[in-house]
Asks: 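Structure in structure tokens, see below.
What you see below is based on every heavy atom in this structure, not just the backbone, and it leaves out hydrogens, waters and symmetry mates. It should be emphasised that the depicted structure is a prediction, and the values quoted were computed from it without experimental measurement. Every chain is numbered from 1, with letters handed out A, B, ... down the list of sequences.
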Amino acid sequence: MRIGRSRRYDQARPFVVLGVALAIWLFLPLALKSFVRATFFEMTAPEAVAASHAADLRNFWALRLHSKDEMIAAGRELAHLNASYEIAVQENSALQREVEELQSLLKMPKDERYRFEHAQVAERDFSGWWQRMIIRKGRDYGIPVGAPVVYSGGVVGRVAEVHAFTSVVQLSSDPGLRIAAVVDGDARPISYQGAENPVFGAPKGVIEFVPLDVYASATQPKRLATSGLGGVFPPGLTIGRIDHVEPSADGLFKTGEVALDPRLSELTEVTVLVALAAR
Amino acid sequence: MRAAAVLFATLYLLHALVAAGNTLLSGLHLWLFAGGLYVAYGALFLPLAAGLAAAVLAGFLCDAMSPLAFGTQAVLFAAAHVAVFNARERLQREETAVQVLVVLVLNAALFLVLSLLRLRLMHGVAGAGARLLSDLVWSEAILATVTPWFFALQAQTLVALRLQPARAA
């Protein structure tokens, strides 16, 4: 009888231990949980950064294999590009001055200004559940939580977490990210959300609350850009290409699909826009 | 507890390998989930406390990188550990095929639970379901291949540090 009871206790012991551990975890203060999370993240950060540095080294040695002729040709191309960019920078400065003069004449509030913080991508985590990446800059470079992240093709996402030397970026393809957007040439705001990320295909997003007079198709796509509303993303940044809209179930608005840039899945370098204090 | 620490070290290595693999595969939109492999060895061969501690710590490691509420994967790993630990005497656990089967079943179960937890955020269940299914199938195929190697690595590490007696081949 005693043996039977002891055996039953032995069988139940793992579940008792699990229940006790769970109860302790549930009643643990939030501050302690946050501390444990930060500790474990910092524990994993070196592995991501070390792998990223190893990739840099591999790329460096791969570039060293190029011949001098190839390097000279690449240098010449870069010089041409630099010349055209210098002209664009001068034009941009003149336009910026003009905008500032007009703003002061009309007593308009000044646009938010940003500092560009370029960062390398250390790790990409693109599951069907979430789409995130780790970049190699964090509190050490003054990256704030919520800062917009961009690249040459437009919006990458926003900074979701900031750690000592790394930050986590939530991508525009993440189903949990929403952005206030506008269709190119239209000022009415619509809602964008990250959606499906099919295997071997380009990432997609969805738009909601699209006015009924907006049309787009695969043959006549429309550019979707940030609206500037919501205070996270500056206006005019490309999010993707609307290639399908259809009336929503309630008939008051349309919904649609947005094709995102396939380069989003292979980015190695991004730029964080850090808002400067109002002048 | 030394066994738990050593087992956790091997799980940290697994975490680094999985993260590096997922970074390389991101362009193809393939994603490897190895939840079952974090739990299986400890649950099949170690005492309850050591195996459970390693599984929970590995869960925290995965949670720290994910947007899920912190502790979600740790709790799931702990529950999976207890379930396997309780059934291990009835399993031919020295057989490689059984070990692989345990990893695959655990992995599929953990993947399913995590998918259910994230389902409310997903747009278009059909499309998301296809992606999740392909991730699961691909992960199971990879785990079926690497499980014998990873079990051997964990066993040999514990034997080398005299934390577990060498088992007959």
Asks: Determine, step by step, whether Val17(A) and Val82(B) satisfy the side-chain contact (heavy atoms from CB on, under 4.5 Å) criterion, reporting the C-alpha distance in whole Å, the side-chain angles of both residues, the deciding distance to 0.1 Å, and the verdict.
Replies: CA-CA 9 Å; Val17(A) 171; Val82(B) 167; over 6 Å; no
Asks: Considering all heavy atoms of both residues, which atom of Thr44(A) and which atom of Tyr12(B) are nearest to each other, and what is their separation?
Replies: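 Taking Thr44(A) first and Tyr12(B) second, the nearest heavy atoms are CA-OH, 3.9 Å.
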Asks: Heavy-atom distance under 4.5 Å to chain A: side chain of Ala79(B), backbone, both or neither?
Replies: both
Asks: So do the side chains of Leu25(B) and Phe126(A) get within less than 4.5 Å of each other, counting heavy atoms only?
Replies: no
Asks: Side chain from CB out, backbone as N, CA, C, O: work out which of these in Leu28(B) comes under 4.5 Å of a heavy atom of chain A, or both, or neither.
Replies: both
Asks: Measure Arg132(A) against the heavy atoms of chain B and call it side chain, backbone, both or neither at under 4.5 Å.
Replies: side chain
Asks: Without placing hydrogens or testing angles, list every side-chain donor-acceptor pair under 3.5 Å for residues 102-114 of chain B, not counting sequence neighbours.
Replies:
| residue | atom | partner | partner atom | Å |
| --- | --- | --- | --- | --- |
| Asn107(B) | OD1 | Gly35(B) | N | 3.0 |
| Asn107(B) | OD1 | Gly36(B) | N | 2.9 |
| Asn107(B) | ND2 | Phe33(B) | O | 3.2 |
| Asn107(B) | ND2 | Glu140(B) | OE2 | 3.0 |

Asks: So do Val199(A) and Arg131(B) actually touch side chain to side chain, heavy atoms under 4.5 Å?
Replies: yes
Asks: I need the residue from Lys33(A), Glu266(A), Glu123(A) with the largest number of non-hydrogen atom pairs under 4.5 Å to chain B.
Replies: Glu123(A)
Asks: Please classify the contact of Phe85(B) with chain A as side chain, backbone, both or neither, using a heavy-atom distance under 4.5 Å.
Replies: side chain
Asks: With under 30° as parallel and over 60° as perpendicular, where do the rings of Phe60(B) and Trp25(A) fit, or are they tilted in between?
Replies: tilted
Asks: Give, for atom CD of Glu47(A) and atom CG of Leu13(B), the distance between the pair rounded to the nearest 0.5 Å.
Replies: 9.0 Å
Asks: Considering only heavy atoms, give the residues of residues 63-71 of chain B separated from chain A by less than 4.5 Å, sorted numerically, with 'none' for an empty result.
Replies: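 Answer by number: Asp63(B), Ala64(B), Met65(B), Ser66(B), Pro67(B), Leu68(B), Phe70(B), Gly71(B).
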Asks: Could you tell me the separation between the CD1 atom of Ile134(A) and the OG1 atom of Thr23(B), rounded to the nearest 0.5 Å?
Replies: 8.0 Å
Asks: Check whether any side-chain heavy atom of Asn86(B) sits under 4.5 Å from a side-chain heavy atom of Phe15(A), and report yes or no.
Replies: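 Touching, per the 4.5 Å side-chain cut-off.
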Asks: Which bit of Gln131(A) comes within less than 4.5 Å of chain B, counting heavy atoms only: side chain, backbone, both or neither?
Replies: side chain
Asks: When only pairs under 4.5 Å are counted, which of Ala160(A), Ala48(A), Gly201(A), Ala38(A) shares the most heavy-atom pairs with chain B?
Replies: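 Answer, by heavy-atom pair count under 4.5 Å with chain B: Gly201(A).
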Asks: Given the options Val121(A), Val36(A), Leu267(A), which has more heavy-atom pairs under 4.5 Å with chain B than any of the others?
Replies: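 Winner by heavy-atom pair count: Val36(A).
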Asks: Please classify the contact of Ala202(A) with chain B as side chain, backbone, both or neither, using a heavy-atom distance under 4.5 Å.
Replies: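 Contact with chain B involves the backbone of Ala202(A) alone.
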Asks: Side chain, backbone, both or neither: which part of Pro203(A) has a heavy atom under 4.5 Å from chain B?
Replies: both
Asks: Which atoms of Leu52(B) are under 4.5 Å from chain A, going by heavy atoms: the side chain, the backbone, both sets, or neither?
Replies: side chain
Asks: Mind checking the CG-CZ spacing from Leu57(B) to Phe40(A)? Nearest 0.5 Å is all I need.
Replies: 4.5 Å
Asks: Restricting to non-hydrogen atoms, name the atom on Ser26(B) and the atom on Ser265(A) that form the minimum distance, rounded to 0.1 Å.
Replies: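 Shortest heavy-atom contact: OG-O, 3.0 Å.
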Asks: Using non-hydrogen atoms only, which part of Ser134(B) is less than 4.5 Å away from chain A: side chain, backbone, both, or neither?
Replies: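 The side chain, not the backbone.
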Asks: OH of Tyr151(A): more than 12 outside heavy atoms within 6.0 angstrom?
Replies: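 Result for OH/Tyr151(A): enclosed.
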